[in-house]
> 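Have a look at this one before I ask anything.
It should be emphasised that the depicted structure is a prediction, and the values quoted were computed from it without experimental measurement.
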Amino acid sequence: MELPEFWSHPVVARALATCDMATLLEEIRKARGWTQAGLGEALGYTQSWASKVLRGDLSLTLDQVRVVSRTLDIPLDLLRLGDPSESKKEDDPTNRRQFGTMALLTILPIPRVASAIDESTARTLTAITGQQRRLDAVLRSQDLIDGVRAHLDLALRTRQHAGHHAASIAAAVSEAAGFAAWLSMDMLDLGSARGFYRKAIASAKDAGNSLLAAYMTGSLAAFEIDAAADPLLGLAMLKQARTFLNQGPESSTPTAWLESLEALAHASGPRPDETAATQALTRAEQAIETADGPPPWPWVYPFDHAKLARTRASVAVRLGQGEAAARAFAESLPSPQPAPKQAALTTLEVATATCQRGEVEDAFTLALSALDTGITLRSERVLQRARQFRYDYSGPTNPTTARFDDRLRTTLV
């Protein structure tokens with residue numbers, strides 16, 4: 001093979017580095033368009049011999065490796081074998097150890113990791129992430145994160161040997177990193193969450209999937225707006241997400257979702273912009289009206305009127321509009337209910353709106369149910385929101401607020 005890029009291909013380079021002759025010969029066979037019989041004939045052997053070598057059932061001796069390499073123009077310097085006849089250093093103990101190591105590599109069967117990766121590998125990795133997401137509804141993030149990190153590391157290492165399947169593996173890496181970010185955010189490990197989201201975005205770009213990149217960038221924007229309390233940075237990330245979105249096919253679901261996040265950003269922070277928030281909600285409504293089919297992956301569910309109503313309620317809470325928030329929350333009820341942790345955060349939003357309307361006892365009753373979920377699943381994010389809900393209330397105490405305070409104190413033990 002005369003082309004330098006052939007020898008630098010990840011699969012070929014690894015085979016050269018480990019003297020994995022089975023993989024190396026298979027790659028050369030495919031590159032030259034040979035059958036197994038053609039490969040055997042080129043080397044002076046039968047098709048049966050070639051088949052056994054390619055399957056890893058027959059190992060080559062060191063002399064056979066040199067003969068095969070010369071015949072097929074495999075660079076010996078890349079194999080790091082050299083030729084004992086060209087050197088008189090055989091008496092050097094160091095040289096003997098190196099030579100013995102390489103001989104052992106050619107005799108022992110080498111695991112063919114790269115050749116085992118196929119189109120099903122990415123689906124398997126993604127399915128594992130999907131199962132881990134389902135466990136998020138019943139397990140604490142602290143109990144999940146180690147396994148999720150290990151899975152992400154496995155996906156990253158798999159990608160290194162993925163060859164022409166690298167793009168699909170990169171998409172699987174993106175999803176795994178996105179879920180690791182979600183768990184880190186729930187634990188209020190904001191630095192790790194931000195790092196995982198960035199890895200998810202970079203991997204989506206490597207996968208060449210603009211929709212996935214838009215989704216992960218939008219997720220980072222939501223994190224900055226809501227968890228990190230930095231709406232200005234969130235708005236900048238939303239702008240970046242739209243550039244990715246413009247590279248793919250038009251779809252109402254991503255557009256409506258990003259506009260709703262922009263509305264939330266404008267309503268958050270020390271100086272809320274009600275006009276800008278209302279305009280963003282209007283654009284989201286218009287996008288929903290143009291919906292003409294199922295949402296594109298990775299959006300699993302459509303962003304419909306009921307889901308937009310939930311965002312509108314959150315915006316109203318941040319703007320101190322308790323009555324408007326209560327009406328919007330009522331409109332959001334037909335939408336599928338979120339997972340327990342997210343439902344607890346929504347309940348605290350409802351409790352805040354209820355408190356703004358002066359219904360203190362009902363507000364603290366709602367907040368107490370959310371607090372119980374946060375304690376059960378040990379969601380630091382839910383617990384922090386529950387504490388903030390209590391800090392924002394400066395009215396008189398009553399038996400309900402006292403029960404809430406007693407329960408809140410247990411989270412400090």
Side-chain angles (χ1 to χ4, degrees), residues 136 141 145 148 152 174-205 210-246 253-274 276-281 283-284 298-299 303 307-308 310-319 338-339 341-342 344-346 348-349 352 379-385 387-389 392:
D136 182 45
S141 297
I145 190 63
V148 171
L152 174 58
S174 180
E175 292 201 67
F179 184 49
W182 171 264
L183 294 179
S184 299
M185 178 172 60
D186 185 58
M187 296 187 297
L188 292 184
D189 183 358
L190 303 189
S192 294
R194 190 175 284 110
F196 283 130
Y197 273 131
R198 287 172 177 164
K199 186 182 296 293
I201 295 167
S203 296
K205 291 166 64 178
S210 57
L211 278 176
L212 182 59
Y215 177 81
M216 290 304 175
T217 307
S219 297
L220 176 56
F223 161 80
E224 298 293 356
I225 294 165
D226 200 34
D230 192 341
L232 291 179
L233 182 54
L235 287 170
M237 297 308 302
L238 288 174
K239 183 178 180 180
Q240 180 64 44
R242 289 189 179 94
T243 64
F244 290 126
L245 198 60
N246 292 335
T253 296
T255 299
W257 178 60
L258 292 178
E259 293 293 353
S260 73
L261 291 177
E262 179 170 335
L264 200 61
H266 286 305
S268 304
R271 291 187 296 275
D273 188 338
E274 181 178 352
T278 302
Q279 291 172 345
L281 288 172
R283 292 193 298 271
W299 286 266
F303 195 85
K307 287 194 173 183
L308 180 59
R310 186 173 294 162
T311 301
R312 188 182 296 112
S314 297
V315 168
V317 167
R318 285 159 173 73
L319 295 175
K341 297 171 188 175
Q342 193 62 37
L345 293 170
T346 300
L348 286 167
E349 296 263 24
T352 299
S379 170
E380 294 297 334
R381 190 180 179 200
V382 173
L383 296 179
Q384 189 272 338
R385 288 292 181 83
R387 295 187 191 103
Q388 189 62 52
F389 167 80
D392 290 342

> Taking atom CD of Glu224 and atom CG of Leu261, what is their separation to the nearest 0.5 Å?
12.5 Å
> Could you pull out the closest heavy-atom pair between Pro231 and Ala265, with the gap in Å?
CB-O, 3.4 Å
> Would Thr278 and His266 count as a side-chain contact (heavy atoms from CB on, under 4.5 Å) here? Give the steps.
CA-CA 9 Å; Thr278 302; His266 286 305; over 6 Å; no
> Quick one: CG on Leu258 to CG on Leu238, what's the gap to the nearest 0.5 Å?
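With rounding to 0.5 Å, CG (Leu258) is 6.0 Å from CG (Leu238).
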> Just to verify, what does Asp226 make a side chain to side chain donor-acceptor pair (under 3.5 Å) with, not counting sequence neighbours?
Arg318, Arg381, Arg385
> To check you understand the geometry: which heavy-atom pair defines the closest contact between Leu152 and Ala177, and what is its length?
CD1-N, 3.8 Å
> Could you list the residues that satisfy salt bridge (charged side-chain N to carboxylate O under 4.0 Å, His left out) with Arg283, not counting sequence neighbours?
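So Arg283 forms a salt bridge (charged side-chain N to carboxylate O under 4.0 Å, His left out) with Glu259, Glu262.
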> side-chain contact (heavy atoms from CB on, under 4.5 Å) for Asp392 and Thr352? Distances and angles first, verdict last.
CA-CA 9 Å; Asp392 290 342; Thr352 299; 5.9 Å; no
> Roughly how far, to the nearest 0.5 Å, is the OH atom of Tyr197 from the OG atom of Ser174?
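It is 11.0 Å, given to the nearest 0.5 Å.
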> If you measure from CZ on Arg310 to OG on Ser260, what distance do you get to the nearest 0.5 Å?
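Atom-to-atom, Arg310:CZ and Ser260:OG are 11.5 Å apart.
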> Quick one: closest heavy-atom pair of Val148 and Leu183, and the distance?
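Scanning both residues, the minimum pair turns out to be CG2-CD1, 3.6 Å.
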> Closest approach of Ala228 and Arg194, non-hydrogen atoms and distance?
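Scanning both residues completely, I find the closest heavy atoms to be CB-NH2, 3.7 Å.
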> If I take atom CE from residue Met237 and atom OG from residue Ser219, how far apart are they, to the nearest 0.5 angstrom?
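Met237 CE to Ser219 OG: 10.5 Å, rounded to 0.5 Å.
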> So, for Ile225 and Gly234, which heavy atoms are closest and what is the spacing to 0.1 Å?
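That would be CG1-CA, 3.8 Å.
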> How long is the straight-line distance from OG of Ser314 back to CD of Glu349, given to the nearest 0.5 Å?
4.0 Å
> Quick one: does Leu211's side chain get under 4.5 Å of Leu245's, heavy atoms only?
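The answer is yes; the side chains approach within 4.5 Å.
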> Judged by atom type as modelled, is there a donor-acceptor pair below 3.5 Å linking the side chain of Thr243 to the main-chain atoms of Gln240?
yes
> If you count heavy atoms of other groups shown closer than 6.0 angstrom to NZ of Lys341, is the number above 12?
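Counting neighbours around NZ of Lys341, more than 12 heavy atoms of other residues, nucleotides or ligands fall under 6.0 Å, so yes.
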> What I'd like to find out is whether the side chain of Phe244 reaches to under 4.5 Å of the side chain of Lys205, using heavy atoms alone.
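Of all side-chain heavy-atom pairs linking Lys205 with Phe244, at least one is under 4.5 Å.
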> Restricting to salt bridge (charged side-chain N to carboxylate O under 4.0 Å, His left out), what partner residues turn up for Arg312, sequence neighbours left out?
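If we apply the salt bridge (charged side-chain N to carboxylate O under 4.0 Å, His left out) test to Arg312, skipping adjacent residues, the hits are Glu285, Glu331.
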> Is any side-chain heavy atom of Thr311 closer than 4.5 Å to a side-chain heavy atom of Phe303?
yes
> Just so I know, are the side chains of Leu190 and Phe223 near enough to count as touching, which here means a heavy-atom distance under 4.5 Å?
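The answer is yes, as the side chains (C-beta and beyond) meet within the 4.5 Å cut-off.
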> Taking all non-hydrogen atoms of both residues into account, name the closest pair between Gly218 and Ala241 and its distance.
N-CB, 3.9 Å
